[in-house]
Amino acid sequence: MKKLILKAFALTVLTGGVAGCGNSFLETDYYKGIDQETALNSVDNISTALNGAYYQLYRYYFAGNYATTIGDIPTDLAYWNKGTQHFNDIYAYTVVDTDTYLYWIWNYGYKVIDNAARLIEAVDALYADSTENEKAQLDLCKAEAYALRGYAQLVLVNIFAHQVKVNGTDFSSKPGIVLVDKPIKPLEKVERSTVGQSYTAIVNDLKDALTHFTAAGGDRGDLFYFGEAAVHGLLARTYLYMEEWDDAAAEAQNALDAKGITTLTYGKDTYKALYNGGASNTESMFALAINSSQNWQAQSCGTIWSTYDYSPSPWLQSIYEGTDCRTSVWVLSGTANSPEFNGGKFAHFSSGNNTYGTCYIVNAPEMFLIIAEANAQSSTGSVSDAQNALLTVAKRNSAIASVSDLPSTKADLMTFIKDERARELFQEGLRLYDLRRWDVQAQVYATGAPNISFTYTNYKISDLVYPIPNDEITSGFGVAQNEGWSSTLPSR
């Protein structure tokens, strides 16, 4: 993995603080970097390096845009009214193995993963000879490093490998990703693990993160750093994909409990206020520190969902009732044939500049929906528990006031939950993995608004596997391509 992984860890803290785990990685001081051989020899340097790892996560190449946006663009939730050379091939399913978006997602995913592995190793080297106060700081840094690696691995395995479970069928023996338990040495050959091994590593990293938060005496209590609630939430998401229903429900509840959330926001004005920017979203458990001074301008998610002509698909629009507060963040203008969108959840209503809108990565509504789905799917779950969790989210539509307004059978509840996840999680980058794991006969590549049609219908999207970037394959360090990946794309 010479081109993308061996050079990933330059420890370039482009805009990071230098002292203590508590410093922001988005402060204004500029650092050219720390020498790789001698870098991680103090608590302060480990803190600086951790900030650098967060910065790689936050970049638009990864969670700050590409790795998030790719989860919605090629699905039934998005509509693209003209070509702008942004996600065109992803949206239209004309993907090639030299696709720029896939290249950068892989590249920056492994920057995060390798940085985290080096941080974990460095903490272990310093820990025994540190003071008690330093040990608490090191445990906190290690907890966050495990969370960063676990999150990045979950993103990469979802994009570059088969879904681990598809409606009860196990695909854990399929090729997964390259796991970086220890930093990769120069010229070292590597190989891909299986999907099952990848998921085991993700679960272990997230559990280790929780262990070290406990050892540190807790997390930072800061939305822009991984904490206990967010890690429980990621475990819940991971178990959901694994169809470990009871564990998914338990971890989702742990996330809600850790954040102290028992209900959500209702009403158009209060819902819209969640997206004023940054910490305004009181339902979020982890968000990226994107704001008016630190953002990606033309490469922001807000630009994708406005200037670059992506908007909610007519199908998605059709499944909201007029009494649903979630459309309060939408401003659709232009013409019926060529709609223009304001950014939606990225609109940053406090400023009106949608390039300032951040990505809310782990959020409470998803947790309630996980509890609902887990109870609807599990042999030990109950309809009433599924309804109660679902109601907390479904009340965003004021016409739904009690469980009597919800379906009363598990099958009908699942149908409702699938649509509710579309309504609630739009722009959070999870739809592609939902369609794949449910084995939906998908309709994708919408054209021809307002009389919408989909270029591909009845597409077996659970088969979709994106190619590993060609630069990685041809570097000669052992990464094998997804065999037959092009045949998993839809054909007219």
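Counting from 1, the numbers follow the sequence of the chain as shown.
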Tyr146 and His212 aromatic ring geometry - parallel, tilted or perpendicular at 30°/60° bounds: parallel
Centroid separation His348 to Tyr275 less than 6.0 Å: no
Test: Lys272 cationic atom under 6.0 Å from Phe349 six-membered ring centre, within 45° of axis: yes
Separation between CG of Asn354 and OG1 of Thr307, rounded to the nearest 0.5 Å: 6.0 Å
Note: Arg431-Asp76 ion pair, threshold 4.0 Å (strictly below): yes
Working for ring-ring contact (aromatic ring centres under 6.0 Å, His included), residues Tyr54 and Phe224: CA-CA 9 Å; Tyr54 271 107; Phe224 304 116; over 10 Å; no
Trp438 and Ser462, any side-chain heavy atoms less than 4.5 Å apart: no
Side chain proximity check, Ser300 to Tyr60, heavy atoms < 4.5 angstrom: no
Presence of salt bridge, Glu428 and Arg423, under 4.0 angstrom: no
Pair Glu373 + Arg437: basic N to acidic O under 4.0 Å: yes
Proximity of Tyr108 and Tyr61 rings by center, below 6.0 Å: yes
Ring center gap for Phe160 and Trp106 short of 6.0 angstrom: yes
Polar side chain donor-acceptor pair, Arg192 to Asn482, under 3.5 angstrom: yes
Atom NZ of Lys174 with >12 non-hydrogen neighbours under 6.0 angstrom: no
Validation row: Thr194, Ser172 side chains within 4.5 angstrom (heavy atoms): no
OG1 on Thr98 to CD1 on Ile473, rounded to 0.5 Å: 12.5 Å
